[in-house]
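What you are looking at is a predicted structure, and each value in this text was computed from that prediction instead of being measured.
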Amino acid sequence: HISTAILYRRLAIYIRKKGFYMLSISPNFTGMLSSINRTHNTNPVTKNTNQVSFRGKTDGTDEQDIFVRKATADTLSEQEKKEYAKKLEQVGYEAFSQKQYTSCIESLKKALAINPDSARAWHAKGSAEKELGQYEESIADYTKAFELRPDSANSVGLRGLSKAKWAQEIEREDFEYSRELYSSAISDYDKSIELNPNNPDIYDYKANALMNTNKYREAIDALEGSIILNEDILAKNPDNTGVKIKLANAHHKKGKCLYTLAPSPYSPLNTEARDEFTQALEYTPGSANTYYERAKVNKRIDTEQAKADIEKAIELASDRPRYWEFYGNMLIMSDNEADRDMGFECIATALKLRSEQN
């Protein structure tokens with residue numbers, strides 16, 4: 001029998017001859033790879049001690065890391081296979097962080113073939129598939145992750161998000177199935193909230209699904225949950241721009257729900273909707289779309305303010321035809337001839353912009 005040290009030395013020489021020495025693989029990897037590093041102190045694989053190297057795209061192609069493409073676990077012991085699977089997972093996670101989703105999936109597939117009990121790997125693979133629009137595969141992988149970790153609010157919540165994205169994608173060609181997916185997504189969000197009631201993003205996802213199924217009152221409840229949680233986060237870190245944007249979006253969507261639910265121009269829901277848009281603008285004062293939505297509400301209750309809002313929206317985003325069209329339709333109803341002329345000019349501008357953009 002040949003000793004283990006001799007086997008590792010021969011294997012190291014073979015790897016060097018094949019050109020694998022150019023990899024930057026952490027020497028913290030135990031088992032076979034660490035033995036190779038100890039055998040050849042001059043091997044460049046020892047230079048990078050902090051992270052797994054992932055090259056990702058090379059010369060415009062989505063080329064997977066050579067470690068993923070060439071290495072094999074066929075001849076490893078059970079312990080070495082576990083370590084090898086961990087290394088493949090690390091490569092996959094780094095690929096995901098670099099938005100190399102295809103390579104992430106390939107690496108995690110190999111890792112899961114060795115160790116199918118890694119909930120984190122199933123979750124990450126599902127997330128990469130979601131980013132690529134592979135929703136059916138993503139849902140299956142999040143389901144597997146949730147089966148392994150039934151306390152994972154994140155896995156079940158993101159499974160709901162994959163269902164909702166798939167529903168939105170197929171809505172036109174298969175409306176009925178899209179409704180089923182939205183309903184299932186809402187159930188997933190509810191389960192996620194049950195497991196972790198402190199994640200504002202899940203409330204927001206739930207609100208989106210409810211709005212897409214015309215359940216505006218329920219959506220308002222979900223948005224209020226998002227607003228309360230994000231306000232708590234902002235109170236602890238008042239300069240958090242990301243949270244401010246989330247709050248603005250939540251107030252904006254709540255305003256749209258209230259506007260839609262208003263039974264008439266005289267309903268107090270219009271005033272509530274206007275207040276929500278005003279609150280949104282306090283967080284994102286440069287949002288042209290929020291000024292536009294507030295203009296639509298003010299058209300019911302305050303015409304002059306509606307004009308000011310749509311003028312501000314046009315000032316912020318003059319390339320959006322619907323803003324010009326809305327303003328034009330307002331002006332052509334005026335008793336003032338100059339306003340009517342300006343209104344027709346606005347509509348002409350809207351038509352020109354649409355033609356250019358199409």
Side-chain angles (χ1 to χ4, degrees), residues 62 92-93 95-109 111-113 116 118-197 199-223 225-226 245-246 249-250 252-254 256-257 260 289:
D62 193 8
Y93 302 147
F96 187 93
S97 72
Q98 296 184 20
K99 299 184 179 180
Q100 300 297 320
Y101 301 119
T102 300
S103 296
C104 169
I105 291 166
E106 291 305 314
S107 182
L108 293 176
K109 275 183 181 178
L112 288 164
S118 173
R120 184 186 177 195
W122 286 110
H123 179 99
K125 182 167 171 280
S127 294
E129 289 159 343
K130 173 169 62 63
E131 294 298 325
L132 292 175
Q134 299 171 4
Y135 300 121
E136 193 167 5
E137 296 88 343
S138 174
I139 292 165
D141 285 349
Y142 280 133
T143 298
K144 185 65 177 177
F146 189 57
E147 287 173 354
L148 291 165
R149 284 287 307 275
D151 61 339
S152 175
N154 204 25
S155 290
V156 71
L158 291 180
R159 183 177 70 178
L161 184 59
S162 286
K163 291 175 182 177
K165 285 180 174 291
W166 191 12
Q168 189 173 17
E169 185 176 280
I170 67 168
E171 195 164 10
R172 290 186 177 180
E173 62 263 24
D174 195 343
F175 182 80
E176 291 302 321
Y177 188 49
S178 74
R179 300 299 98 175
E180 292 178 20
L181 284 169
Y182 275 128
S183 178
S184 184
I186 292 166
S187 296
D188 280 348
Y189 297 144
D190 285 337
K191 182 63 178 178
S192 181
I193 290 168
E194 177 187 330
L195 291 167
N196 176 20
N199 184 351
D201 291 343
I202 299 298
Y203 291 88
D204 192 64
Y205 298 154
K206 181 181 177 182
N208 290 339
L210 290 165
M211 290 176 71
N212 285 330
T213 51
N214 300 325
K215 298 177 181 177
Y216 298 108
R217 294 191 184 279
E218 295 93 327
I220 289 171
D221 291 338
L223 289 166
S226 173
I245 292 172
K246 289 179 180 181
N249 288 336
H252 181 102
K253 285 185 282 192
K254 187 179 174 186
K256 290 189 72 172
C257 289
T260 304
N289 200 40

**Asked** Knowing that exactly one of Asp190, Asp221, Asp201 qualifies, which makes a salt bridge (charged side-chain N to carboxylate O under 4.0 Å, His left out) with Lys206?
**Response** Asp190
**Message:** Quick one, Ser192 and Tyr203 - any side-chain contact, counting heavy atoms below 4.5 Å?
**Reply:** no
**Fill in**
Those residues at least two apart in sequence (or on a different chain) that pass ring-ring contact (aromatic ring centres under 6.0 Å, His included) with Tyr216 are none
**Request:** Check step by step if side chain to side chain contact (heavy atoms under 4.5 Å, CB included) holds for Leu158 and Ser127.
**Result:** CA-CA 8 Å; Leu158 291 180; Ser127 294; 4.3 Å; yes
**Asked** What are the two closest heavy atoms between Lys130 and Ser138, and how far apart are they?
**Response** CB-OG, 3.6 Å
**Asked** Considering all heavy atoms of both residues, which atom of Ala219 and which atom of Cys257 are nearest to each other, and what is their separation?
**Response** CB-SG, 4.0 Å
**Request:** Apply side chain to side chain contact (heavy atoms under 4.5 Å, CB included) to Gln168 and Asn208, showing your working.
**Result:** CA-CA 11 Å; Gln168 189 173 17; Asn208 290 339; over 6 Å; no
**Request:** Scan residues 169-193 for pairs that pass ring pair (Phe, Tyr, Trp, His ring centres under 6.0 Å), counting only residues two or more places apart or in two chains.
**Result:** Trp166-Tyr177
**Heavy-atom pair with the smallest gap, counting every atom of Glu169 and Tyr135** = OE1-CE1, 3.5 Å
**Request:** Considering non-hydrogen atoms only, spot the tightest contact between Pro116 and Leu148 and give its length.
**Result:** O-CD1, 3.8 Å
**Item:** Interatomic spacing from NZ in Lys215 to CD1 in Ile186 - rounded to 0.5 Å
**Value:** 5.0 Å
**Message:** Walk me through whether Leu181 and Ile170 qualify under side chain to side chain contact (heavy atoms under 4.5 Å, CB included).
**Reply:** CA-CA 10 Å; Leu181 284 169; Ile170 67 168; 3.8 Å; yes
**Gap between atom OG of Ser226 and atom CG of Asp204 - 0.5 Å precision** = 5.0 Å
**Asked** Do Trp122 and Tyr142 pass the side chain to side chain contact (heavy atoms under 4.5 Å, CB included) test, and can you show the C-alpha distance, the side-chain angles, and the key distance before you say yes or no?
**Response** CA-CA 6 Å; Trp122 286 110; Tyr142 280 133; over 6 Å; no
**Message:** Taking salt bridge (charged side-chain N to carboxylate O under 4.0 Å, His left out) as the cut-off, I'd like each qualifying pair that reaches into residues 140-167, sequence neighbours left out, listed once.
**Reply:** Lys125-Asp141, Arg149-Asp151, Arg159-Asp188, Lys163-Asp188
**Message:** So Glu137 and Ile105, do their side chains get closer than 4.5 Å, heavy atoms only?
**Reply:** no
**Item:** CD on Glu218 to CG on Leu210, rounded to 0.5 Å
**Value:** 6.0 Å
**Message:** Using 0.5 Å steps for rounding, measure from the CZ atom of Phe96 to the OG atom of Ser107.
**Reply:** 13.5 Å
**Message:** For a quick test of reading the model, state the closest non-hydrogen atom pair linking Ala121 to Leu112 and the distance between them.
**Reply:** CB-CD2, 3.7 Å
**Prompt:** Ion pair present between Arg179 and Glu176, side-chain N to carboxylate O less than 4.0 angstrom?
**Reply:** no
**Prompt:** Out of curiosity, Arg120 CZ to Ser152 OG, how far, rounded to the nearest 0.5 Å?
**Reply:** 12.0 Å
**Asked** Which pair of heavy atoms, one from Ala119 and one from Ala145, lies closest together, and at what distance?
**Response** O-CB, 3.5 Å
**Fill in**
Distance col, row Asn214:CG vs Thr260:OG1, nearest 0.5 angstrom, shows 8.5 Å
